[in-house]
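Just so it is clear, the values below take in all heavy atoms, side chains as well, and ignore hydrogens, waters and symmetry mates.
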Amino acid sequence: MKILIAIDGSQVSHHEVQHALQLVRNGLQASFVLANVQEAPSTYERLTAQGNEEMLANVAFGAGTDALAESVRLIEQAGVSYITEVISSGNPAQSIIELVHLHGCNLIITGTRAQSRLRNVLGGSVSRELIDDAPVPVLVVKLPDPILSEP
């Protein structure tokens, strides 16, 4: 099985990778595609770069690589096969779906943050878009509730 893990470098992403590795420890035969999608440059960044698109792409690629670093470390320690993908600029959900097709992934693992219902209605979320539009199952991983996690 090939699993795409959407990584943004947050604590939620770290938990996603730990969950995926637990699946492997429990016997799932899997390899991973670790994917990071950077937001499009802001107007300020574009003005500062003075039209140097290559510089903007390099900065975005570096930021994406940094966001993946901890996940890569965890997966290498576990000895699981993986590849990385950094998309320098794009719609995160659509870019992830394109990567699913490109790499023949069977599952997407993504995280979610607690958001207010109003924010979900106004802006939605990447995880919600993936649930609605992805051609494969989507596993949404939440951070454990600290109250429920205490012994």
Engineer: Considering non-hydrogen atoms only, spot the tightest contact between Pro135 and Val100 and give its length.
Structural biologist: CG-CG1, 4.1 Å
Engineer: Hey, quick one: are Val72 and Val24 part of the same hydrophobic cluster, counting side-chain heavy atoms closer than 4.5 Å, chains of contacts allowed?
Structural biologist: yes
Engineer: When you compare the side chain of Val33 with that of Ile83, does any pair of heavy atoms fall below 4.5 Å?
Structural biologist: yes
Engineer: For a 4.5 angstrom cut-off between non-hydrogen side-chain atoms, does Leu99 reach Cys105?
Structural biologist: no
Engineer: Are Val126 and Ile7 in one and the same hydrophobic cluster, where Ile, Leu, Val, Met, Phe, Trp and Tyr link if side-chain heavy atoms are under 4.5 Å apart?
Structural biologist: no
Engineer: With Leu4 as reference, evaluate Ile96, Leu102, Ile97 under the side-chain contact (heavy atoms from CB on, under 4.5 Å) test and give the passing residue.
Structural biologist: Ile96
Engineer: Working to the nearest 0.5 Å, report the span between CD1 of Ile109 and OG of Ser127.
Structural biologist: 13.5 Å
Engineer: Decide yes or no on side-chain contact (heavy atoms from CB on, under 4.5 Å) for Ile87 and Glu98, but give the supporting numbers first.
Structural biologist: CA-CA 11 Å; Ile87 306 297; Glu98 289 171 15; over 6 Å; no
Engineer: Using side-chain contact (heavy atoms from CB on, under 4.5 Å) as the criterion, point out the one residue from Leu34, Ile3, Ile5, Val17 that pairs with Tyr82.
Structural biologist: Leu34
Engineer: Roughly how far apart are His103 NE2 and Ser31 OG, rounded to 0.5 Å?
Structural biologist: 10.5 Å
Engineer: So, taking the atom named CD in Gln18 and the one named CG in Leu23, what distance separates them when rounded to the nearest 0.5 Å?
Structural biologist: 12.5 Å
Engineer: Is there a path of hydrophobic side-chain contacts, each under 4.5 Å between heavy atoms of I, L, V, M, F, W or Y residues, that connects Val136 with Val37?
Structural biologist: yes
Engineer: Do Val86 and Phe32 share a hydrophobic cluster (ILVMFWY, side-chain heavy atoms under 4.5 Å, transitive)?
Structural biologist: yes
Engineer: Output the distance between atom CD (Glu16) and atom CG (Leu74), rounded to the nearest 0.5 Å.
Structural biologist: 12.0 Å
Engineer: Would you compute the distance between atom OG of Ser81 and atom CD of Gln29 and round it to the nearest 0.5 angstrom?
Structural biologist: 11.5 Å
Engineer: Compare all side-chain heavy atoms of Val138 with those of Ile108 and state whether any distance is below 4.5 angstrom.
Structural biologist: yes
Engineer: Any salt bridge between Arg73 and Glu76, counting N to O under 4.0 Å?
Structural biologist: no
Engineer: For residues Leu68 and Val80: do they belong to one hydrophobic cluster (side chain heavy atoms under 4.5 Å, members Ile, Leu, Val, Met, Phe, Trp, Tyr)?
Structural biologist: yes
Engineer: If you look at every heavy atom in Ala6 and Ser13, which pair is closest and at what distance?
Structural biologist: O-OG, 4.2 Å
Engineer: Would you give the length of the straight line joining atom OG of Ser71 to atom CG of Leu21, rounded to the nearest 0.5 angstrom?
Structural biologist: 9.0 Å
Engineer: Would you say that Arg128 contacts Thr112 through its side chain, given a criterion of any heavy-atom pair below 4.5 Å between the two side chains?
Structural biologist: no
